[in-house]
Student: 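Here it is, the structure in full.
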Amino acid sequence: MAPDGETRENDQQLFRDAVARFVTYLSAVRNLSMNTVRAYATDLDAFCDWVEREGVQPLEISHRQLRRYLSELSRAHYSTKTINRHLSAIRSLYRWMLHEGLTDKDSAAAVVSPKIAKTLPKTMSDEDASALLDTCDVNDVVGLRDRAFLELLYASGARISEISQLDVRDIDLSSKQVRLFGKGSKERIVPLYESCIQWIERYKKDARPQLVAHRKDGAQTSALFVSTRGNRMSASALRTCFERHAVLSGLDEALTPHAMRHTYATELLAGGADLRSVQELLGHASLSTTQIYTHLSIDRLRDAARQAHPRGE
């Protein structure tokens with residue numbers, strides 16, 4: 001027997017309440033980043049809207065109904081990657097609800113993700129990176145800051161969000177290493193090359209104090225990279241900084257800070273670093289992610305197999 005309107009509305013409200021609890025769980029228990037939690041909340045809110053609009057019982061949703069939702073996203077011209085992200089959020093939600101005893105049906109687990117066409121990530125050569133670094137006017141406090149930032153980006157393979165979160169204490173100049181906090185606040189230590197340490201040391205001594213002095217409240221800040229107003233630079237501000245220097249260097253304007261991360265990984269592998277070490281340095285949970293990330297050439301894989309296999313020669 002089909003549920004009446006009041007029962008359906010009650011189920012939908014219970015579902016929204018469950019979504020709110022799940023989002024809190026992602027932040028408080030799983031300790032996911034603010035951006036990740038916000039993405040989950042946005043995608044699940046859109047799903048709740050669809051459930052209510054279509055009169056679907058979310059606690060008893062079927063595999064076919066979920067496929068219908070994904071089809072609607074496709075008709076709205078969402079990319080395959082975005083649709084997969086929505087589906088991932090829904091899967092995680094229903095898995096959690098099943099564990100919490102809020103439902104006894106997990107149709108989302110059976111929904112197959114749309115296939116994403118594999119594309120190689122954009123990378124830079126060492127010459128490109130040098131051209132980028134050379135655009136910084138190191139006789140100026142902002143130029144010196146930018147040089148230290150770009151050197152650190154290249155030396156560590158860090159995500160731009162990780163660079164933004166850095167405090168002064170996270171750089172150990174004597175040990176030549178940086179402490180990074182990745183997804184889920186997972187900590188990792190990454191060694192830095194000598195010239196990067198020198199630029200950061202110079203920035204901290206000659207530029208950062210002048211930038212911090214511009215703070216209106218006169219207070220100090222623990223942030224490593226600060227703006228011309230003395231405030232911590234956001235990931236967006238650092239991204240804009242990178243893009244400005246990419247234009248000045250004459251490189252592809254489509255390059256992003258992530259290209260430096262790709263470059264870092266491929267340079268390490270080309271230099272003989274093993275895949276597990278690169279995985280640790282990048283902060284990847286899965287080795288398969290590192291394999292895709294570093295877009296190993298078939299020739300390099302062939303050489304590795306030839307060297308490692310007892311009959312490879």
Side-chain angles (χ1 to χ4, degrees), residues 122-182 187-212 222-227 232-233 235 237-252 255-274 277-278 280-283 293-294:
K122 287 183 178 293
T123 59
M124 304 162 61
S125 66
D126 186 56
E127 290 75 18
D128 291 339
S130 295
L132 187 72
L133 294 168
D134 288 342
T135 60
C136 301
D137 179 4
V138 295
N139 295 312
D140 173 78
V141 291
V142 171
L144 185 52
R145 178 203 65 195
D146 292 355
R147 179 62 186 255
F149 154 59
L150 293 172
E151 285 280 3
L152 181 57
L153 195 63
Y154 192 30
S156 65
R159 302 175 180 91
I160 199 73
S161 58
E162 294 170 345
I163 297 286
S164 175
Q165 294 169 15
L166 284 177
D167 289 336
V168 172
R169 65 175 179 271
D170 294 323
I171 298 283
D172 188 334
L173 296 175
S174 60
S175 298
K176 300 178 184 178
Q177 61 189 31
V178 59
R179 180 175 58 170
L180 297 169
F181 296 90
E187 180 181 333
R188 68 185 189 278
I189 303 296
V190 176
L192 303 173
Y193 50 72
E194 181 62 36
S195 61
C196 175
I197 289 294
Q198 291 174 357
W199 281 112
I200 292 174
E201 196 166 21
R202 184 173 167 185
Y203 158 68
K204 284 177 59 181
K205 178 184 176 184
D206 299 336
R208 186 178 176 279
Q210 295 185 52
L211 293 170
V212 172
S222 61
L224 178 61
F225 292 109
V226 294
S227 68
R232 181 185 296 274
M233 292 183 73
L238 290 172
R239 191 174 293 108
T240 298
C241 172
F242 178 94
E243 292 168 352
R244 182 173 67 252
H245 286 286
V247 171
L248 289 173
S249 65
L251 298 176
D252 184 353
L255 283 175
T256 68
H258 230 57
M260 197 77 97
R261 182 167 161 86
H262 290 298
T263 304
Y264 170 82
T266 50
E267 291 289 349
L268 288 179
L269 285 161
D274 65 274
S277 296
V278 176
E280 286 291 320
L281 291 169
L282 291 175
Y293 214 120
T294 52

Student: Would the distance check show the side chain of Arg208 and the main-chain N or O of Ala223 forming a donor-acceptor pair, the cut-off being under 3.5 Å?
Tutor: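 Yes; at least one donor-acceptor contact below 3.5 Å.
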Student: Enumerate donor-acceptor pairs with a distance under 3.5 Å from any side-chain N or O in residues 195-207 to protein atoms, sequence neighbours excluded.
Tutor:
residue	atom	partner	partner atom	Å
Gln198	NE2	Glu194	OE2	3.3
Tyr203	OH	Leu224	O	2.6
Tyr203	OH	Val226	N	3.4

Student: Run the side chain to side chain contact (heavy atoms under 4.5 Å, CB included) check on Asp134 and Arg147 step by step: do they pass?
Tutor: CA-CA 8 Å; Asp134 288 342; Arg147 179 62 186 255; 4.2 Å; yes
Student: Got a second to check how far Leu180's CG is from Ile189's CD1, nearest 0.5 Å?
Tutor: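 With rounding to 0.5 Å, CG (Leu180) is 7.5 Å from CD1 (Ile189).
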Student: Would you check if the side chain of Ser156 reaches a backbone N or O of Ala158 as a donor-acceptor pair within less than 3.5 Å?
Tutor: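 Indeed, once roles are kept as given, a pair shorter than 3.5 Å links the two residues.
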Student: Is Arg239 salt-bridged to Glu243, going by a charged N under 4.0 Å from an acidic O?
Tutor: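 No salt bridge links Arg239 with Glu243.
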Student: Side chains of Leu166 and Leu152: does their closest heavy-atom pair fall under 4.5 Å?
Tutor: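 With C-beta onward as the side chain, the pair touches.
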Student: Suppose we screen for side chain to side chain contact (heavy atoms under 4.5 Å, CB included). Which residues come up paired with Ser125, at least two apart in sequence or across chains?
Tutor: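 If we apply the side chain to side chain contact (heavy atoms under 4.5 Å, CB included) test to Ser125, skipping adjacent residues, the hits are Glu127, Asp128.
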Student: Tell me, do Leu238 and Pro257 make a side-chain contact under 4.5 Å, heavy atoms counted?
Tutor: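 No, too far: nothing below the 4.5 Å cut-off.
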Student: How long is the straight-line distance from CD of Gln165 back to CZ of Arg159, given to the nearest 0.5 Å?
Tutor: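 So the gap between those two atoms works out to 10.0 Å.
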Student: Using side-chain hydrogen bond (donor to acceptor under 3.5 Å, both in side chains) as the criterion, list what pairs up with Asp167, not counting sequence neighbours.
Tutor: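 For Asp167, the residues satisfying side-chain hydrogen bond (donor to acceptor under 3.5 Å, both in side chains) (neighbours in sequence not counted) are Arg169, Ser222, Arg232.
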Student: Any side-chain to backbone donor/acceptor pair from Ser227 onto Met233? Under 3.5 Å, distance only.
Tutor: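 Not confirmed, Ser227 side chain does not pair with Met233 backbone.
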Student: Quick one: does Phe242's side chain get under 4.5 Å of Ile163's, heavy atoms only?
Tutor: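 Side-chain contact under 4.5 Å: no.
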Student: Can you name the nearest heavy-atom pair linking Ala155 to Val190, along with the distance?
Tutor: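 Of all heavy-atom pairs spanning Ala155 and Val190, the closest is O-CG1, 4.5 Å.
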Student: To the nearest 0.5 angstrom, please state how far the NE2 atom of His258 sits from the CD1 atom of Ile160.
Tutor: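 Output value for this atom pair is 10.0 Å.
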Student: Show the nearest heavy-atom pair for residues Glu187 and Phe181, with the distance to one decimal.
Tutor: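 Smallest heavy-atom distance, with atoms named: OE1-CE2, 3.7 Å.
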Student: To check you understand the geometry: which heavy-atom pair defines the closest contact between Gly143 and Cys136, and what is its length?
Tutor: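 For Gly143 versus Cys136, the nearest heavy atoms are O-CB, 3.5 Å.
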Student: Can you give me the closest heavy-atom contact between Leu282 and Gly157, atom names plus distance?
Tutor: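 So the minimum-distance heavy-atom pair works out to CD2-O, 4.1 Å.
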Student: Carefully, step by step, assess Tyr154 and Met124 under the rule side chain to side chain contact (heavy atoms under 4.5 Å, CB included).
Tutor: CA-CA 10 Å; Tyr154 192 30; Met124 304 162 61; over 6 Å; no
Student: Is the shortest side-chain heavy-atom distance between Arg188 and Leu281 below 4.5 Å?
Tutor: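 SC-SC contact between Arg188 and Leu281 ruled out.
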Student: For the backbone of Ser249 and the side chain of Thr135, can you confirm whether one donor and one acceptor N or O come within less than 3.5 Å of each other?
Tutor: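 A pair under 3.5 Å: no.
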Student: Below 4.5 Å, heavy atoms only, C-beta onward: do Val138 and Asp146 meet side chain to side chain?
Tutor: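 Answer no - side chains too far apart.
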